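The block underneath contains the structure these notes are about, expressed in C-alpha cells.
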Amino acid sequence: MLTRKQFLTMSAGLGVGVLLPEVLKAKRTYAASPRLSRFTESLPISYPISPPSTLDIAPGKHSFHSSLGSFTTWGYGGLSYLGPTFEVTRGTPVRIRAFNKLGTHPLAGSVDTSLHGVNASDITNPRTVIHLHGSNTEPDSDGYPEDTYLPGQSNVYNYNNNQEAGTLWYHDHSLGMTALNLQVGLAGMYLIRDEDDPIGGNGPLGIPAGAPYEVPLILQDHSFNSDGSMSFPAKWDHEFYGDVAVVNGKAWPNLNVDRTLYRFRIVNASNSRFFRLKLSSNQQLIQIGCDGGFLNAPVYLSKLLLGPGERADVLIDFSTSLPGDKIVLQNDAAAPYPKGLATVIDQGYFRMPEIMQFTVNRGAAVPKAIPTRLRVNNPLITKIATKPVKQRNLVLTDILNSNFQVLAMMLNAVYWHEAANHPELREQPQVDTIEQWNFINLQPFAHTMHLHLVPFQILNRQSINDTAYSAAYRATGPRKVLMHHAPGGDTVPYGYPPLDPTPYLKGLAKPPAANEAGWKDTVVVNPFEVVRLIVPFGAKATANLPFGNSFTGRFVWHCHMLNHEDNDMMLPFDVLP
C-alpha cells in the first residue's frame, strides 16, 4: 500500500493525466457557489457576556448574504448560527447545562455512515458534545468524542477557569461528525480574563476589552448551492475548501472602524484551510497573544499564519488611516497549505485572497499606546528547563487503497477504536510530569495538531528525510489491526510505536517563530518536518505554568483539520495517577 507522498510523486512522473480526474472532481465539489458581492454585508459582532447556567443547542434560520436568503443552521444560546462570546474571570468556576434541541441535520445528505461513530440516526436524531478548546478541564467536561447526547438529553459542563487569560473557543466534538456540525454553526468564543486583562478593560496593559474595540473574528470558508443552502460533499473527502470567505457568519463582511486601536480575537474555525493574513494597507498586525494567552511582548507582523484551530490576539492601529479608507484583510495561503495542489493544473483554484474589509469612519484620530510588556502580573514565559521523563514519537500518515484513494487519515498508523480498546496503543503520560512529544509529518501538506487538557511549548522544528524514514518505518510492519472491518484491510504497513526520527533528520533544528514562543495547544506541522513539543501534564510538573489543575483521566490528541479528525486522525490518551 503506497503512502500519500509516494502516490503524489509517482503521479507527477506519470504526467497530469493521472491527477486530472481528481482535479475536475474537486472543481465540481468546490465551484458551486453563486456569485456574491463582497464587503456589502455588515460584520455581526458577538461582544463578550457572562456564560449562562443553561445553554440551548438548537436549529435556526440564517442568511450568510443578502443574495442567498435564509436556511436552516445550528447555533448555541439562542443564536441561529455560531454561539455567544462568553467571558469569565480566572479562578471563577462556571457550571453550564447544555440541552440538545437539534433536529434533522442541515447537511443530511453529507452524513457519511462509513465513518467511525456515525449512524443513520444522526441524520434525524443528531448527537452533540461540547469541547472547550484550550481549557484545562476535568475529563468529564472536556468533550470526549464519545460522550455525546441525543436530542431531548442534556449534559453538565464544569469549567473552573483556573488558567491565565486567553482566547479559547467552544465547539462540537462528536465522533465522526465534527466537520459537519461545525460547518452548520456549532462554534463560539470563550475568553478568560485575569489581572492583566480584566473584564471591562482598565487593566495595566491599556488594551481594549469588550465593546466596541475588542472584536471576535471567527474565520471559516463555505460553499453554497444556487438556492442559498450550504454545499458540502456527500461522501467523506480528506480535505474541504469552500469558495466563500465567512466571518462571524457573514460572507466577505465589512466592519466600519473608528480611527483608533482595535483588538481582534481571531480563531481559524475552518475545516482544512490555512489563513496567512495581511492588510492591503501594508499595516502591521501586532500580535499580543497566541492560543494559550499573552506573549511576553508584542510581535509586529506583515503576515499572520493560522492553521485550523489556532487563535491569535491581534491589535490593529487605525489611527493613522484616513476617513473613508477601505482596508482589506487578505489571505495569501495556498490550499492545501503550503504549496497548493500537487499538479501544475490551476494552482490558484483553491485560493481565497480576500476575507473581509475595514472601512475607516470620519472623526478625529485617537491613537493609543502599544504596550511593550504584556505580562505584568503573570510570570514571563521561559523555556521549561525540567528534563522530560519520556519522549514520544508520533507519526502523521494515511492509508490508501489500490486506486490511490485516501481511506483514512491516521496517527501512528493506529485506528481510533483500536486505541480506545487497547491501552498498549495509547500514549499514557503520568500526571505532573514533563514529556517531549515529537510530531513527524510524512505527508506533503501541513497539518495542525491539537492536544486537549494542557498547553505546551514548541521546542523546535527540523526537516526529516521522509523517504528514508518511511522506508525504515515500513520495515517495522506490517502490523495486524486489532479490530474488525478496518479500512484498507486487516493490517497496516507500519509497526507500533513509531521509530526514533533522529538518524533521518536534515539540517539544523530551528526555534519557534516569535509569535509561537508562547503557550500553545495547537501547532502547525509542516510537510516532512519534525516538531518537538515540551508538554507539562499537570500543574505541579514544573514552575510558572499558566494553569492550576492536575487532572487524570482520558483525553484526546488529534489533527484539527476537521475531515482528518473525523476519519481516524485522532487518538485517546490517558493521564495516569
Side-chain angles (χ1 to χ4, degrees), residues 1-10 12-13 338-339 342 383-400 408-415 418-419 424-429 433-449 451 456-481 491-513 516 520 523-535 537 557-559 564 568-569 571 573:
M1 191 174 292
L2 295 175
T3 67
R4 191 178 190 183
K5 187 206 176 192
Q6 289 169 329
F7 163 54
L8 292 171
T9 302
M10 183 188 72
K339 294 186 177 180
K383 292 182 179 179
I384 292 176
T386 303
K387 184 178 180 181
V389 299
K390 186 177 182 64
Q391 285 197 43
R392 298 182 188 272
N393 300 310
L394 310 158
V395 172
L396 287 58
T397 186
D398 56 19
I399 298 296
L400 305 177
M409 310 297 295
M410 299 188 74
L411 301 170
N412 296 345
V414 173
Y415 292 102
E418 286 189 286
E424 67 272 22
L425 297 177
R426 292 197 298 270
E427 313 309 315
Q428 295 187 308
T433 63
I434 300 289
E435 292 197 352
Q436 179 175 319
W437 284 34
N438 305 321
F439 287 127
I440 306 164
N441 186 3
L442 299 181
Q443 300 200 295
F445 308 122
H447 298 256
T448 48
M449 295 303 301
L451 270 67
F456 51 75
Q457 292 182 355
I458 302 172
L459 179 61
N460 55 44
R461 301 171 178 274
Q462 192 167 4
S463 295
I464 188 170
N465 183 333
D466 60 290
T467 302
Y469 181 86
S470 294
Y473 185 25
R474 184 176 290 271
T476 66
R479 178 183 67 82
K480 185 173 177 59
V481 173
T491 64
V492 290
Y494 312 106
Y496 179 86
L499 290 175
D500 180 354
T502 303
Y504 310 96
L505 298 173
K506 301 192 301 184
L508 298 176
K510 299 178 181 179
E516 288 187 315
K520 296 278 292 173
V523 61
V524 174
V525 187
N526 292 303
F528 318 132
E529 178 182 71
V530 178
V531 176
R532 301 179 181 92
L533 310 178
I534 301 298
V535 189
F537 284 98
W557 61 286
H558 60 89
C559 178
H564 291 185
D568 277 294
M569 209 168 202
L571 292 176
F573 72 89

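None of these values were measured; they are calculated from a predicted model. Numbers for residues simply follow the sequence, beginning at 1.
In this structure, CG on D466 lies 10.5 Å from OG1 on T397, to the nearest 0.5 angstrom. The structure places CZ of F528 at 8.0 Å from CG of L442, a figure rounded to the nearest 0.5 Å. A distance of 9.5 Å separates CE of M410 from CG of D398, quoted to the nearest 0.5 Å. Note that the NE2 atom of H564 and the CG atom of L411 stand 10.5 Å from one another [nearest 0.5 Å]. The CG atom of L451 sits 6.0 Å away from atom CZ of F456, with the distance rounded to the nearest 0.5 Å. I384 contributes atom CD1, which lies 4.5 Å from atom CD1 of I434 (distance to the nearest 0.5 angstrom).
Y415 is listed as a side-chain neighbour of V492, based on a closest heavy-atom distance under 4.5 Å. Between E427 and L394 there is a side-chain heavy-atom pair separated by less than 4.5 Å. Residues F537 and F573 meet the side-chain proximity criterion, which asks for heavy atoms closer than 4.5 Å.
Closest heavy-atom contact between G495 and Y473: O-CE1, 3.6 Å. Scanning all heavy atoms of the two residues, the minimum distance from S470 to Y494 falls at O-CE2, 4.3 Å. Smallest separation of non-hydrogen atoms from P338 and A446: CD-N, 4.2 Å. Closest approach of C559 and H447 over heavy atoms only: SG-ND1, 3.5 Å.
Taking K506 as the reference, S463, N465 meet the side chain to side chain contact (heavy atoms under 4.5 Å, CB included) condition, with sequence neighbours excluded. With sequence neighbours excluded, the residues forming a side chain to side chain donor-acceptor pair (under 3.5 Å) with E529 are R461, N526, listed by chain and number. Every side chain to side chain contact (heavy atoms under 4.5 Å, CB included) that P501 has, sequence neighbours left out, goes to N393, I440, I464, Y469, L505, V530. Under the salt bridge (charged side-chain N to carboxylate O under 4.0 Å, His left out) criterion, R479 pairs with E418, not counting sequence neighbours. Every residue two or more places apart in sequence or in another chain that forms a side chain to side chain contact (heavy atoms under 4.5 Å, CB included) with L459 is listed here: Q436, R532, I534.
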Report task. Test side chain to side chain contact (heavy atoms under 4.5 Å, CB included) on I458 and L533 and set out the steps. Result -> CA-CA 5 Å; I458 302 172; L533 310 178; 4.0 Å; yes
Query raised in the report: What's the verdict on side chain to side chain contact (heavy atoms under 4.5 Å, CB included) for V389 and E435, showing C-alpha distance, side-chain angles and the deciding distance?
Result: CA-CA 6 Å; V389 299; E435 292 197 352; 4.2 Å; yes
Report task. Evaluate the side chain to side chain contact (heavy atoms under 4.5 Å, CB included) criterion for residues L571 and R426: first the C-alpha distance (whole Å), next the side-chain angles of each, then the deciding distance (0.1 Å), finally the verdict. Result -> CA-CA 7 Å; L571 292 176; R426 292 197 298 270; over 6 Å; no
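Listed by first and then second residue, the salt bridge (Lys or Arg N to Asp or Glu O under 4.0 Å) pairs involving residues 494-505 amount to none (not counting sequence neighbours).
When atom types are taken as modelled, the side chain of D568 and the backbone of M409 share no donor-acceptor pair closer than 3.5 angstrom.
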